[in-house]
Structure formats: structure tokens, C-alpha cells
Amino acid sequence: MPIGNLNNGNQESFLIGVFKIKDMISSAFADSVHPDLIIHVYDLNDEDNLYPLASIVESEHSSTLPTIEELTDVNSLLNVSTIDIAGRQWALVIKPVNPIEYKDSEYFAWLVSLLLLAVMLLVAMYLYSQIRHASKNKEAHLQYLSLSEKLQAILNNTVDGIITINHRGVIQSVNKAALDMFGYSSEEMIGNNVNMITPEPIRSEHDSYIKNYLDGKPPKVIGSGRDIEGVRKDGVKIPLRLGVSKAKVNDEVVFIGLLHDISERKNNERIKDEFISTVNHELRTPLTSILGSIQLISKVASDQLDKNTKKLLKISENNSRRIIRIVNDILDLQKINSGDMTFDFVDIDLVALSRKSMEECQPYAVQHGVTLDIVEPTEGIHVNADKLRIAQVITNFLSNAVKFSPENTRVLVRIELATESKSVVLSVEDEGPGISREFQDKIFQPFTQAESHMTRKTSGTGLGLSISKSIIEKHNGRIGVKNRAEVGACFYFILPLSEQ
């Protein structure tokens, strides 16, 4: 029966079953054949060969086999039945070995007929079971080919490279993305060691990594991901993100490597680093000098300056401070992202630090017509923290609260012990417009600012809260925001109490 080849629609293959007629007949009569019976099977479609294709004859009765014409011409009792199988007509002839008296012929004819019917049924059942088995095999084969084709299509259309290797590091399979990534053909990669696409010193040590892992040592890459370099066929190195997992196929350990090209990410990081370097050296240093010069002129020549000149110097000083704060925020964010921000953890009095931050923000609050107040516990509260960084967070909370508060309102700093754990909660409450629930979920993300109707009256980089969140998390704390029951917003952070 023809089977369509899924890999090439223009080709066909055939599933063929071969049956030996004599073996089938012998199997059917193995337990029930009478020793005085002779059985012949003839192919009636073969006109050139009228001799039996198979016969069952006791050896002592065997002689030259007759053609079907010779057999049917003999004046003796016999039974002839025909059956159509596989497009051909077959004749099954059963006759007695010894002549039988006429009185027994009717009995014998019935016996032969019943025996012949049983044989036909057995043959039909056998053929049906073979055809059914072949049909099931065909269906399973088609399903396997279909699944294989789907899996191969998925692998070939995956944007990331996928390579499988055995426990010796030999490449067993590679998808199209990996071939394009390294510039090889499948014939050049499959069967070779995977270190062909790795640079030194990894190339020389790669096989030992696998051996150490199989020997029970902790894995370095398996089960996790890391940034590595790969080597193309032309020798060019490419940055990659590698993830490795382990599987068992037919009781053999197989390692699956997923490779993602991170060239674009690395290029963006390089551009960002160059920008940060430019901001640090080309902006902050001159701005610091400009601010110092403006302050010096305002102090030394104050008596010689008219009112308008003093006003312009004050505007220049404020703008210089504002730009320096923006530069510092950008640099802080870069340090946090790269893990370069250092912390000096010491035991500090959070109440005293909060009062000092309020004093520093007092001129800014007076400028906006806002009053600063504090609700504090009767005793000092100590935390193990970086004093400058926690003061930076408190100052950010205070400046935001003042900035978004209407005139003649109050900003309240509240410090209290948390009831559920050994921690302290510091919150800053204002009487401003509050923050929508949708915006609360993203307000601590970098470069995120308040809604447009509020930013028209205020300004900022949108980095302060993101930096504050990173600082608090480095202290094993939590930061959040909620709206007050009456009006306004409440920003807070929670820190563990000092063990002292």
C-alpha cells in the first residue's frame, strides 16, 4: 500500500507484507488436520503454472504433485473451494489419501466442507490481523513523520541558536539560527566538538567542565545563564547569552544549549557608558565650577551689585544646582545598575536624621508656602544603614511632597514602629492631589513622572524615586506609596531595626 512521504510530496513509498501460503495452511491445520487428507493450494490466475503452490501431504503419501486439471479429472471424492485474496483467485482442494466407500462419502463430504470452512475462516482472520497491524504501523509512522516535521519547523524558525551535545561535548544537532550565527554548515558542525565555536581559554577547558559536572561537582552554567563569547567560522567573536539544560534521551545524557546574540545590547551598553562618562567629565565638573563662581560673586561683591543683578545670579545659582542634581541622579542610577554603588552601613538614629533632612528642606518649603512637621516616638529609633543614602531618600520624599502641595498646607513626617515585625516605618504625607491607582504601579520606575496636569507646575528627571527604591532594597527594606483617606499621598519605606 502506498505511503506518502511527508518530506517530499512528489515521492511515494510502499508498505509490503509477504506471506508464505504453505506456512499459513500448515499453521491453520497444525492441530486439526486429518492424517488421511491431502490439501493442495492453487493460484488460478497463473495460467503458466497449474501445479499447486503449496501442499500438505503426509510423507508416506507424497508423490508427484498433480495439476488442478489432473486432480479434478480423477474420478474420486474431493472438495474444491475458491477464495479471492489480494486481487487473485485461489483454489483450496481437499481429497482423501485412500479411496472411500460410497456409503461414507456423504459423511466425508460434510466433514471436508466443515474443515474447509474452518480453514478459510482462520486464513481470513490471520490476513485481517496482519492488515490491521500493518495499518496501525502505517498510522503510527505517519504521526511520527508529522511530529518530526513540526518539531524541525519550530527549531528551524527559532530566532535563537539551539545546539545539542553529548557527554563528550560532541555536537549532535544544530538548528538553522545557530548555523547562521556561526557561519558553518550542518556537515561542518555535527560530529565535531562544540569547543570549535568557543574562544580560548574556554576552548581548552570546556570538556573538563562537562566531566566535572558529571562527576558531581557544582555546575557553572547548567541550569542557569551567563554572558559568553562565541567564535564564528571567520574568527570574529560575537557576544552571546548562553543557557544550558540537561536531558536524557534513550538513557544517554544530552546537553541543550540555547544561544542568544546580544551584540545589540552590548553596543547599547557601550553607548550608555560613553554617555555617562561624558556627563561626568564634561558636565558635572564645569557646572561645579560655575556654581562655585556664582556663589563667590554673590558673597564677595554683594554690596556692589544692584537688585536685578542679584536676582539674575540667584536664578543662575538655582539652575546650576538643579542641573547638578540631574547629573548626580543619572550617575547614581548608572552605579546602581552596574552594582558599583557603595554603602557604608553604620548604626544611625533615624529620628535625628529625619530632623536634619527637614532642616535642609526648610528653605524649599518656605519658598512654596508649605509647613514641615514631624510625629516621632518618645525614644530614638536606630537602624543599621548608610547615613547619606537614607538621608537622600528622605530628602527626595520631602522635596516631592513640597513640590506637589498647595500653598498653606502641611507636609508631615511620621516615624513609628511596625507592629508585625522588628522594623520601623517612615512616611511622608502631603495634602496634594494624590496619585491614581494605575500610576502607583509604575511610579518607582526610572524616568517616570507624575501625570501631565501636575508636571506643568513641577519639574524633575523622574529618577529620584527609582533611585530611592534601589537604595531601600539594598538595605533589605521595602518602599511604597498610597493615597491618604482625606486628601494627598503618603510615601513610605520600612527598614529593619538595628540589632543593638
Side-chain angles (χ1 to χ4, degrees), residues 155 157-163 174-184 194 197-203 220-245 256-287 322-343 389 392 396 439 441-450 452 455 459-474 479:
L155 292 176
N157 289 279
T158 302
V159 296
D160 291 334
I162 301 175
I163 297 176
V174 55
N175 73 337
K176 185 178 182 298
L179 295 175
D180 295 340
M181 188 179 294
F182 294 103
Y184 287 99
V194 73
I197 57 174
T198 58
E200 293 292 353
I202 298 176
R203 175 175 297 180
K220 294 186 177 181
V221 181
I222 299 171
S224 61
R226 65 186 293 185
D227 291 350
I228 64 165
E229 278 189 328
V231 180
R232 289 176 47 86
K233 183 179 179 180
D234 55 12
V236 176
K237 294 182 179 180
I238 51 176
L240 301 168
R241 181 68 178 176
L242 171 65
V244 180
S245 59
I256 306 165
L258 184 65
L259 298 161
H260 180 70
D261 190 338
I262 56 174
S263 300
E264 184 177 356
R265 192 192 83 187
K266 289 294 185 181
N267 185 56
N268 291 337
E269 290 178 355
R270 180 184 58 80
I271 295 173
K272 182 183 68 175
D273 292 341
E274 291 177 355
F275 170 74
I276 296 298
S277 178
T278 300
V279 168
N280 189 28
H281 295 92
E282 304 297 332
L283 286 180
R284 187 167 67 169
T285 301
L287 283 171
R322 175 173 168 269
I323 297 174
I324 289 175
R325 282 197 302 269
I326 293 174
V327 171
N328 288 337
D329 285 347
I330 293 174
L331 294 176
D332 282 346
L333 184 64
Q334 166 62 13
K335 289 179 181 178
I336 291 171
N337 291 337
S338 62
D340 295 333
M341 177 173 281
T342 58
F343 293 87
R389 295 301 180 186
Q392 181 180 350
N396 180 259
F439 193 71
D441 296 333
K442 59 182 179 179
I443 196 168
F444 292 100
Q445 297 176 5
F447 303 104
T448 301
Q449 293 179 297
S452 59
T455 55
S459 61
T461 62
L463 293 174
L465 289 175
S466 175
I467 294 171
S468 298
K469 181 175 184 293
S470 298
I471 290 173
I472 295 300
E473 288 177 348
K474 290 292 184 180
I479 193 171

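Throughout, residue positions are numbered sequentially from 1 according to the sequence presented. Not measured: the values here are computed from a predicted model.
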Residue pair [X] / [Y], side-chain heavy-atom distance below 4.5 Å:
X      : Y      : result
Lys237 : Pro199 : yes
Lys474 : Arg389 : no
Asp227 : Pro239 : no
Phe182 : Val231 : no

| For Ile238, the option from Glu229, Lys266, Met181 that meets side-chain contact (heavy atoms from CB on, under 4.5 Å) | Met181

| message | Tell me whether Asp261 is salt-bridged to Arg241, with the criterion being a basic N under 4.0 Å from an acidic carboxylate O. | response | no

| message | Run the side chain to side chain contact (heavy atoms under 4.5 Å, CB included) test against Lys233 and tell me which residues pass, sequence neighbours left out. | response | Tyr184, Glu188

| Can Ile443 and Leu465 be said to form a side chain to side chain contact (heavy atoms under 4.5 Å, CB included), step by step? | CA-CA 7 Å; Ile443 196 168; Leu465 289 175; 3.8 Å; yes

| query | For Thr158 and Ala177, which heavy atoms make the closest approach, and how far apart are they? | reply | O-CB, 3.2 Å

| message | If I compare all heavy atoms of Val236 with all of Asp234, which pair ends up nearest, and what's the gap? | response | N-OD1, 3.1 Å

| message | Under the criterion side chain to side chain contact (heavy atoms under 4.5 Å, CB included), I'd like the reasoning laid out for Gln392 against Ile471: C-alpha separation, chi angles, the key distance, then a yes or no. | response | CA-CA 9 Å; Gln392 181 180 350; Ile471 290 173; 3.8 Å; yes

| query | Checking Asn175 side chain against Ile162 main chain: does a donor-acceptor pair fall under 3.5 Å? | reply | yes

| request: Give a yes or no on this: more than 12 heavy atoms of other residues, nucleotides or ligands lie within 6.0 Å of atom CD of Glu264. | output: no

| remark: Here the gap from Ile324 atom CD1 to Leu287 atom CG, rounded to the nearest 0.5 Å, amounts to 5.5 Å

| query | Looking at CG of Leu259 and CD1 of Ile228, how far apart are the two atoms once the value is rounded to the nearest 0.5 Å? | reply | 6.0 Å

| Going by distance alone, is a donor N or O of one side chain under 3.5 Å from an acceptor N or O of the other, for Asn268 and Arg265? | no

| task | Any chance you could lay out the side chain to side chain contact (heavy atoms under 4.5 Å, CB included) test for Leu258 and Ile256, step after step, and finish with the verdict? | result | CA-CA 7 Å; Leu258 184 65; Ile256 306 165; over 6 Å; no

